[in-house]
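Below is one structure, written out as structure tokens, with a few remarks after it.
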Amino acid sequence: MNMKKIKETGLLEKAREKIKTKKMLFADQDAVFRSTTKKKLLPRIYNEQSKFNKEDTVICHFCKRLMYRPYPHTENIKQWHIDKVHSVYKCHVFDSDLEEYLKLKEKFEQKELITK
């Protein structure tokens with residue numbers, strides 16, 4: 001984000017005004033997006049939000065998602081909620097990364113216990 005330009009144009013103030021007057025599903029993102037006049041959208045491979053198994057994905061964004069089954073609702077599952085990633089999203093693509101995360105987390109927690 002070009003913070004200099006954002007300050008010059010008052011983008012965040014415009015976005016806050018939009019949030020006050022309009023209902024939006026993802027208010028923070030939608031308000032900023034709707035308040036801009038020029039947009040540069042990157043290809044989906046840099047912000048994949050729904051398909052976990054695509055080989056060309058560079059960044060997979062674990063964000064709030066609209067789910068339709070068994071009824072319309074939102075889920076906000078982050079990648080470190082491993083059981084839910086497996087059970088709700090049926091995603092196992094990142095299992096090796098998650099294993100490494102768990103090992104590092106345990107190592108960090110052990111170090112925290114030692115220093116206390």
Excluding Val32, membership of its hydrophobic cluster (Ile, Leu, Val, Met, Phe, Trp, Tyr; side-chain heavy atoms within less than 4.5 Å) reads Met1, Met3, Ile6, Leu11, Leu12
So salt bridge (charged side-chain N to carboxylate O under 4.0 Å, His left out) across residues 15-26, not counting sequence neighbours, yields Glu13-Arg16, Glu17-Lys20
_Would you say Val88 ends up clustered with Trp80 if hydrophobic residues are merged whenever their side chains have heavy atoms under 4.5 Å apart, either directly or through other cluster members?_
yes
request  = Answer yes or no: are there more than 12 heavy-atom neighbours, outside Glu8 itself, under 6.0 Å from its atom CD?
outcome  = yes
Worksheet item: Are Ile59 and Leu42 connected in the hydrophobic side-chain network, where two residues link if heavy atoms are under 4.5 Å apart?
Response: yes
Leu102 meets the side chain to side chain contact (heavy atoms under 4.5 Å, CB included) criterion, sequence neighbours left out, with Ile82
Using a 4.5 Å side-chain heavy-atom cut-off and chaining through intermediate ILVMFWY residues, the residues clustered with Met24 come out as Ile19
dist Gln49:CD -> Lys64:NZ (nearest 0.5 Å) comes out at 12.5 Å
Residue set satisfying ring pair (Phe, Tyr, Trp, His ring centres under 6.0 Å) with Tyr71, at least two apart, ordered chain then number -> His73
Those residues at least two apart in sequence (or on a different chain) that pass salt bridge (Lys or Arg N to Asp or Glu O under 4.0 Å) with Arg65 are none
Sorted by chain and number, sequence neighbours left out, ring pair (Phe, Tyr, Trp, His ring centres under 6.0 Å) with His92 holds for His86
Residues pairing under salt bridge (charged side-chain N to carboxylate O under 4.0 Å, His left out) where one sits in residues 27-48, two or more places apart or in two chains, turn out to be Arg44-Glu48, Glu48-Lys54
dist Tyr89:OH -> Gln79:CD (nearest 0.5 Å) comes out at 10.0 Å
Looking only at heavy atoms, the pair that brings Lys78 and Val85 closest together is O-CG2, 3.6 Å
Separation between NE2 (His81) and CG (Asn76), nearest 0.5 Å, reads 8.0 Å
Across all chains, not counting sequence neighbours, the side chain to side chain contact (heavy atoms under 4.5 Å, CB included) partners of Lys7 are none
Those residues at least two apart in sequence (or on a different chain) that pass side chain to side chain contact (heavy atoms under 4.5 Å, CB included) with Asp83 are none
Sorted by chain and number, sequence neighbours left out, ring pair (Phe, Tyr, Trp, His ring centres under 6.0 Å) with Phe62 holds for Phe52, Phe94
Taking every heavy atom of Ala15 against every heavy atom of Ala31, the minimum-distance pair comes out as O-CB, 3.5 Å
Here the ring pair (Phe, Tyr, Trp, His ring centres under 6.0 Å) pairs for residues 18-48, sequence neighbours left out, are none
